[in-house]
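The residues of the chain are indexed from 1 along the displayed sequence. Reckoned from all heavy atoms, side chains included, excluding hydrogens, waters and symmetry mates. On a predicted model such as this, the values are computed, not experimentally measured, just so you know.
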Amino acid sequence: MAGFFGRIRTAVTARPLAQQVFALQVVIVLLLALAAAAALLLQARADTDREARNRVLAVARTFAQAPGVRTALSAEDPSAVLQPRTEAARKASHVDFIVVMTPEGIRYTHPDPAQIGRRYIGSIGPAARGGTVRETVTGTLGPSTRAVVPVTAPDGAVVGLVSAGITVQRVNDTAHGQVPLLLSATGVALGLSVLGTGLVSRRLRLQTHGLEPAEMTRMYEHHDAVLHAVREGVLIVDGDGRLVLANDEARRLLDLPADVEGRTAATAGVDPELARLLTEGRSATDEVHVARGRLLAVSQRPTGREGGPSGTVATLRDTTELQALEGRAVVARQRLRLLYDAGLRIGNRLDVVYTCQELADFAVPRFADFVAVELSEPVLRGEEPARADTSLRRVAFRGVRDDVPFFPLGRLIHFTPATPQAAGFRSGRSVLEPDMTRFAGWHEPDPERAHKLVEAGVHSMIAVPLRARGVVLGVVTFWRSRRPEPFETDDVALGEELVARAAVSIDNARRYTREHAMADTLQRSLLPSALPEQNALDVAHRYLPAQAGHGGVGGDWFDVIPLPGARVALVVGDVVGHGLHAAATMGRLRTAVHNFSTLDLPPDELLGHMDELVTRIDLAENAEGEAAPVTGATCLYVIYDPSTRWCTLARAGHLPPAVVGPDGRAGFIDVPAGPPLGLGGMPFETATLRLEPGSSLALYTDGLVEDRRRDIDDGLELLRQALVDAGDPEETCGRVLRALLPERPRDDVALLIARTRTLGGGRTAAWDVPPDPSAVGTVRSAVTRTMAEWGLEEESFVTELIVSELVTNAIRHASPPVRVRLIRDRALICEVSDGSSTSPHLRRATTTDEGGRGLFLVARFADRWGTRYTADGKVIWTEQPLPAADRAAGDGTG
């Protein structure tokens, strides 16, 4: 295959340029013509299909609205009346079928009378509800495009349906009928294009004189090399002594004007001795001539020896720099040493300000007497700088003297456009100010201070943009005062190299700052910004990310999740590792806990689902091989019920929570220690305890108690002591952090303090219900009285309906004991429990069903409802919204 394409390429490139262009244009025109033909065919097919859809819809609507159709549908034999009318309309409208049917889809008419009375094939649901159906489906006549519309009575009721359709075969035949015309038009366009291409190729052949492409390319490359790439001056002089060509190097060496071509050497400003040599046209080899202060070695040869045009060609070589080469080598070695040392001493920390100060300290006094580093404000925050804003903050300064009135460290300096700093920051190019005594713009930020600088002996400066990855981060300014010689162009290059080496480290520090800030922002955005409203717990929380340089943010997280029945779940977890991956994984686990909590699972079952989820995440990410594993993440899940004061807990590799009793004594709850998430194989266990009113729970992550300088048991003891006599949760959070955390924690810390509240008898009511249908009325009456006592008469009717339906279902379909409980919290909660574990299912009853509407009514009138399973059966609960004035306040006693 490679040999075949190689032979084709050889055959094409061997042709003259005009023929190659002709062949290429013909191929392009052919491809465009084929593409246009294909596009037109597709467009014609699409237009035909769209026309068919619009026609069947119009026919169906017209027939459905025709006089007498609605009357015929109510006749004794609709088929006898409608069949001839539909056939006449079908032939007149050029469709393949018009079918009239009942709202249930039983045909009254059909082109094939044998299909009358059978069910219509296709979708009719939206049309039966008053809408329109447009679809392509295979029916008795084959695949067809069809529309179904309703026939409505004056009151809007749907009394029948009309469907019209065209077979796909007819649509295709219509589209294919346009193919000959399209192909003919394409052939005409192709012929005209080829004719025009031939005319263009002929004109090109005349212009190129039939040269081969390789010859033209070689001639251009040689000419370009002589003009721009050759580092020797080249002059071509014609027989009249006029300059025909002068390359870039000759123009530089002889300082020739731009319009030198066509002028003699003397009138072009060439030194007389060299001009005489060029005018005479004699041969010369390495003759030394002085021109513009340079020593030039000149060689000249005639151009007419082999039949070429008369004239001469001269080459010029500058030999002046050979004398300064040795001195420059010494200077170059010194500069290389300076840059080598800079690479060793600058960039020891991932800190922007510290690295800038390292640059200033290194450059003084080895390169300059004073050095200042100014950065754009966004750079200090890890962001990209704003090039339009030339207000820079001075973050580093170093000088050989302290009595020179430079701007102080930390000041935000507003550089005007005329200053070298603003010019360098905007353009990205260094600016040299060799003589500051001229006050050529550099003094504008503070003229009075500028005069004092000059009086102190500062005489020369360089402003070098601090550039990294094509982005200017700030400006570095170098000044000289003790050295009498001013900065020169070579010093600018050295300053740029020095700043470029530091810029890489500064940009790395900036990007690290940005990454840390992004991870911190991600972590905080994934944590709850505000805790949900609830009356079961008084909660305070703290989250502290690790400091930069100590691993960055991690995967510590917490959450407070309201549950049905006025209960609340508290969650604290920790993901392995630090950085963006840990923060993102934390967000996934937190979302998973939220999703599993909506199932109202016990803590041990919820952790079991989380364990399986972490295992699946690890398997997926290990297959991709891009991320660190999640296995080893820990979690503590707590459910508190304020009506019973029971607290249910389970943990997966997490530290046990602490509890503080009303008497102020603190201790840790003995919760069975399950394995971390993702290990699998071991079931999780729960612990239950009944909390005294006014107790406090403390949930935390290991970053709070673990430290390299102390044992974890010592950290737990410090936590217990800090929790003694815990009162207000906010106050307790502050006390715990002050007692346990160092100034720069090495790990994330999440802390949750929750003081319990209870629901007293005034906010709950409960009744045991005998397994007798007659007991429903008794319970309903008790609910009415309770609602009146609570001042909720307006919600009484809906509540009676919900209680009645749920109790009736429990008596009929479940097993005793049946119990009803009302809870007045932020919402009105109704709970009906029974001894069955069978969950009810919401469904829509048909018109012939005697029952099945109870749960539908409950879902219709309740704001939320659901099922919670218990050890003895299940609880079906509902929530009804209450006006703000009727909501119970959370006061800790109920």
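- Residue Leu740 holds its CG atom at 10.5 Å from CD of Glu717, rounded to the nearest 0.5 Å.
- Not a single donor-acceptor pair under 3.5 Å links the side chain of Ser695 to the backbone N or O of Leu691.
- His541 and Leu531 get closest at one heavy-atom pair: CD2-CD1, 3.6 Å.
- Using a 4.5 Å cut-off on side-chain heavy atoms (C-beta onward), Ile753 and Glu730 make no contact.
- Of the possible donor and acceptor atoms, none in the side chain of Arg511 sits under 3.5 Å from a partner among the backbone N and O of Asn508.
- With salt bridges taken as basic N to acidic carboxylate O contacts below 4.0 Å, one links Glu533 and Arg826.
- Put simply, the side chain of Arg757 reaches to within 4.5 Å of the side chain of Asn535, judged on heavy atoms.
- At most 12 heavy atoms of other shown residues, nucleotides or ligands fall within 6.0 angstrom of atom CD in Glu685.
- Looking at Tyr700, its side chain does come within 3.5 Å of a backbone N or O of Pro656 through a donor-acceptor pair.
- Under the 3.5 Å distance criterion, the side-chain polar atoms of Thr867 are left unmatched by any main-chain donor or acceptor of Ile876.
- Of the charged side-chain nitrogens involved, at least one lies within less than 4.0 Å of a carboxylate oxygen, so that Arg510 and Glu384 count as a salt-bridged pair.
- Minimum heavy-atom separation, Gly694 to Thr756: N-OG1, 3.6 Å.
- Side-chain atoms of Arg690 come within 3.5 Å of backbone N or O of Thr644 as a donor-acceptor pair.
- Residue Arg665 places its CZ atom among 12 or fewer non-hydrogen atoms of other residues, nucleotides or ligands, all under 6.0 Å distant.
- Looking only at side-chain heavy atoms (C-beta outward), Thr799 and Leu792 stay at 4.5 Å or farther from each other.
- Judged purely by distance below 3.5 Å, without hydrogens or angles, the side chains of Asp748 and Tyr543 pair a donor atom with an acceptor atom.
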Evaluate the criterion side chain to side chain contact (heavy atoms under 4.5 Å, CB included) for residue pair Tyr637 and Leu570; output intermediate values, then yes/no. CA-CA 6 Å; Tyr637 190 79; Leu570 301 177; over 6 Å; no

Would Ser391 and Glu377 count as a side chain to side chain donor-acceptor pair (under 3.5 Å) if you check the C-alpha gap in whole Å, the side-chain angles of each, and the deciding distance to 0.1 Å? CA-CA 8 Å; Ser391 297; Glu377 282 283 282; over 6 Å; no

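- Looking at Arg720 and Val724, their side chains come closer than 4.5 Å, going by heavy atoms from C-beta outward.
- Note that OG1 of Thr688 and CG of Leu649 are 8.5 Å apart. Values are rounded to the nearest 0.5 Å.
- With hydrogens and angles ignored, the 3.5 Å screen pairs no side-chain donor or acceptor of Asp834 with any backbone N or O of Pro816.
- Interatomic distance, CZ of Arg616 versus CG of Asp611, reported as 10.5 Å (0.5 Å rounding).
- Between the side chain of Arg868 and the main chain of Asp600, no donor-acceptor pair closer than 3.5 Å is present.
- Other residues, nucleotides and ligands place more than 12 heavy atoms under 6.0 Å from the CG atom of Asp663.
- In this structure, the side chains of Leu741 and Leu544 come closer than 4.5 Å at one or more pairs of heavy atoms.
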What verdict does the side chain to side chain contact (heavy atoms under 4.5 Å, CB included) test give for Ser597 and Leu563, after you've listed the backbone C-alpha separation in whole Å, the side-chain angles of each residue and the deciding distance to 0.1 Å? CA-CA 8 Å; Ser597 67; Leu563 297 177; 4.2 Å; yes

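- Checked against Leu697 for a side-chain contact (heavy atoms from CB on, under 4.5 Å), the options Ile669, Leu752, Val660 give a single hit: Ile669.
- Phe596 pairs by the ring pair (Phe, Tyr, Trp, His ring centres under 6.0 Å) definition with His609, not counting sequence neighbours.
- Note that CG of Leu375 is 6.0 Å distant from CD1 of Ile506, once rounded to the nearest 0.5 Å.
- In the model, Asp872 has no side-chain atom that pairs as donor or acceptor with a side-chain atom of Thr870 under 3.5 Å.
- Scanning all heavy atoms of the two residues, the minimum distance from Gly653 to Thr634 falls at O-CG2, 3.3 Å.
- Distance check, rounded to the nearest 0.5 Å: CD1 of Ile617 to CG of Leu589 gives 5.5 Å.
- Annotation for Val614 and Gly678: closest pair CG1-CA, 3.7 Å, computed over non-hydrogen atoms.
- When all heavy atoms of Ala652 and Leu607 are compared, the closest pair comes out as N-CD1, 3.9 Å.
- At distances below 3.5 Å, not a single donor-acceptor pair connects side-chain atoms of Gln534 with backbone N or O atoms of Val568.
- Contact check for Val572 versus Trp557: no side-chain heavy atoms found under the 4.5 Å cut-off.
- The two residues Ala502 and Thr355 make their nearest non-hydrogen contact at O-CG2, 4.4 Å.
- Trp767 places a side-chain heavy atom less than 4.5 Å from the side chain of Leu822.
- The backbone N or O of Leu737 sits nowhere less than 3.5 Å from a side-chain atom of Arg542 that would complete a donor-acceptor pair.
- Atom OG of Ser833 is separated from atom CZ of Arg821 by 8.5 Å, given to the nearest 0.5 angstrom.
- Side chain to side chain, Asp574 and His654 fail the donor-acceptor criterion of an N or O pair below 3.5 Å.
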Passes side chain to side chain contact (heavy atoms under 4.5 Å, CB included), Thr764 versus Arg824? Steps please. CA-CA 6 Å; Thr764 62; Arg824 180 189 176 191; over 6 Å; no

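- Here the side chains of Val638 and Thr648 are not in contact, with every heavy-atom distance at 4.5 Å or above.
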Does Ile823 form a side chain to side chain contact (heavy atoms under 4.5 Å, CB included) with Glu831? I'd like the steps, not just the answer. CA-CA 8 Å; Ile823 302 174; Glu831 296 182 345; 4.3 Å; yes

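- Remark: the backbone N or O of Asp538 is not paired with any side-chain donor or acceptor of Arg755 at under 3.5 angstrom.
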